[in-house]
Amino acid sequence: MLLEAVELKETVYNIGSGKSFRGEMILKYLKEAMDREDVTYFFNSKMARPSDIKKIRSDSTRLMTELNWRPEISLQQSVRDFVMNEEKI
């Protein structure tokens with residue numbers, strides 16, 4: 001879509017759903033995609049710093065406004081695609 005655009009107003013565009021996901025959810029998707037249910041992890045809250053960003057979300061307003069773009073692929077599918085691509089390398 002970006003490559004096909006005749007004219008773009010900006011030089012930088014964020015691509016994402018605008019939703020925030022817990023790290024645990026992303027790790028769950030990775031374990032599933034890699035078929036590694038045996039992997040365990042833990043979160044040590046003492047390691048978290050007060051300045052750590054609690055929630056991160058993409059802002060795709062530019063894409064949505066300029067090119068009428070909307071997210072279509074779920075995070076879970078994106079993780080699967082990433083893992084499959086990495087396995088090919």
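When a residue number appears, it is its place in the shown sequence, counting from 1. In this text, all values refer to a predicted model and were calculated from it rather than measured experimentally.
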Margin query: Counting C-beta onward and ignoring hydrogens, is there a side-chain heavy-atom pair between L63 and N14 closer than 4.5 Å?
Written below: no

Notebook entry, point to check: Are any of the side-chain heavy atoms of V83 and Y29 separated by less than 4.5 Å?
Noted result: no

Spatial distance of atom [atom1] ([X]) from atom [atom2] ([Y]) [nearest 0.5 Å]:
X	Y	atom1	atom2	result
M47	F42	CE	CZ	8.5 Å
L30	M25	CG	CE	12.0 Å
D81	I73	CG	CD1	6.5 Å
Q77	L75	CD	CG	10.5 Å
K55	F21	NZ	CZ	12.0 Å

Heavy-atom count around [X] [atom1] within 6.0 Å, excluding the residue itself: above 12?
X	atom1	value
K46	NZ	no
E72	CD	no
D52	CG	yes

Does the [X] side chain pair with the main chain of [Y], one donor and one acceptor, at a distance under 3.5 Å?
X	Y	value
S17	P71	no
S60	G16	yes
K31	V39	yes
R62	V12	yes

Check: Got a sec, which residues hit side chain to side chain donor-acceptor pair (under 3.5 Å) with E24, two or more places apart in sequence or on another chain?
Finding: R22

Notebook entry, point to check: M34 and M84: same hydrophobic cluster, using ILVMFWY side-chain contacts below 4.5 Å?
Noted result: no

Notebook entry, point to check: Hey, quick one: are L8 and W69 part of the same hydrophobic cluster, counting side-chain heavy atoms closer than 4.5 Å, chains of contacts allowed?
Noted result: yes

Next item on the list: List the steps, then state whether side chain to side chain contact (heavy atoms under 4.5 Å, CB included) holds for E32 with R80.
Entry: CA-CA 8 Å; E32 290 171 0; R80 278 192 215 117; 5.5 Å; no

Margin query: What verdict does the side chain to side chain contact (heavy atoms under 4.5 Å, CB included) test give for M64 and R70, after you've listed the backbone C-alpha separation in whole Å, the side-chain angles of each residue and the deciding distance to 0.1 Å?
Written below: CA-CA 6 Å; M64 292 177 178; R70 298 290 180 265; 3.0 Å; yes

Notebook entry, point to check: Below 4.0 angstrom, N of the basic side chain to O of the carboxylate: do E66 and K9 qualify?
Noted result: no

